[in-house]
Amino acid sequence: MSNAQYDPNNVFARILRGEIPAERVCDSKHSFAFYDISPAAPVHILVVPRGAYTDFHDFTSRASNDEILDFWKLVDKISAEHSLIHHGFRIISNIGPDSGQEVPHFHIHMLGGKALGPLLSPSNT
Ligand code: AMP
């Protein structure tokens with residue numbers, strides 16, 4: 001299925017094609033996980049589908065059940081293998097302009113390794 005909105009030259013597409021390096025965490029048939037280049041917590045892992053999806057809605061509405069299951073199972077596997085599940089962690093996905101999404105390839109941030117504090121600053125309400 002094509003997606004005319006998708007920019008095939010975004011940085012995560014280039015990582016998936018092996019054109020630029022990334023510090024791999026693990027991968028699966030349909031998904032790939034790597035460390036964020038600018039970590040916002042002691043553990044900051046990005047998980048992306050291999051397919052061309054711009055954001056969460058695009059992924060959830062167009063990806064196959066197999067891709068969606070593969071993605072979330074990999075997230076859960078990482079949470080166990082990187083000791084995130086024991087102390088707790090946070091999943092964030094930025095979607096569109098108001099969120100400040102920088103890279104237009106669907107991804108989630110897995111953040112942990114310390115107490116993370118409030119989700120947003122009070123000025124955001
Ligand atoms: P977002 O604002 O949700 O789109 O987040 C994009 C994230 O990608 C940021 O946290 C960046 O630090 C991260 N990032 C950008 N380029 C790279 C890269 N080459 N390798 C790893 N992470 C990256």
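In listed order, ligands and their atoms are each counted from 1.
No donor-acceptor pair closer than 3.5 Å links the side chain of His82 to the backbone N or O of Ile78. At least one donor-acceptor pair under 3.5 Å links the side chain of Arg17 to the backbone N or O of Pro8. Using a distance-only test at 3.5 Å, with no hydrogens or angles considered, a donor-acceptor pair links the side chain of Ser99 to the main chain of Gly96. Looking only at distances, no side-chain donor or acceptor of Glu67 sits under 3.5 Å from a matching main-chain atom of Arg50.
Ring to ring, Phe59 and Phe106 are close: their centroids are under 6.0 angstrom apart. Ring-centre distance between His107 and Phe12: below the 6.0 Å cut-off.
Atoms of ligand 1 lying under 4.0 Å from at least one heavy atom of Tyr35, given by number and element, are 21 (C). Shown in contact with His109 at under 4.0 Å from a heavy atom are these atoms of ligand 1, numbered in order with element: 1 (P), 3 (O), 5 (O), 7 (C), 10 (O). Ligand 1 places these atoms under 4.0 Å from at least one heavy atom of Ser38: 12 (O).
An N or O contact shorter than 3.5 Å links Ile37 to ligand 1 by distance.
Heavy atoms of Gly100 approach ligand 1 to within less than 4.0 angstrom. Residue contacts with ligand 1: Glu23 is excluded, as none of its non-hydrogen atoms falls under 4.0 Å.
Here the protein heavy atom with the shortest distance to atom 4 (O) of ligand 1 is Glu102 N, 2.8 Å. Considering only non-hydrogen protein atoms, atom 1 (P) of ligand 1 sits nearest to His107 NE2, 3.2 Å.
The proximity of Ile92 to ligand 1, defined as any non-hydrogen pair under 4.0 Å, does not occur for either the backbone or the side chain. Contacts with ligand 1 closer than 4.0 Å are made by no heavy atom of Phe106, backbone or side chain. In Asp36, the parts holding a heavy atom less than 4.0 Å from any atom of ligand 1 are both the side chain and the backbone. When non-hydrogen atoms are compared, ligand 1 lies under 4.0 Å from the side chain of Phe34 (C-beta onward) but not from its backbone.
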Could you walk me through whether Asp70 and His30 satisfy the side chain to side chain donor-acceptor pair (under 3.5 Å) test, starting with their C-alpha distance in whole Å, then the side-chain angles of each, then the deciding distance to 0.1 Å, before giving a yes or no?
CA-CA 6 Å; Asp70 176 281; His30 295 296; 5.3 Å; no
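A 4.5 Å side-chain heavy-atom check between Phe34 and Ile15 finds at least one atom pair inside the cut-off.
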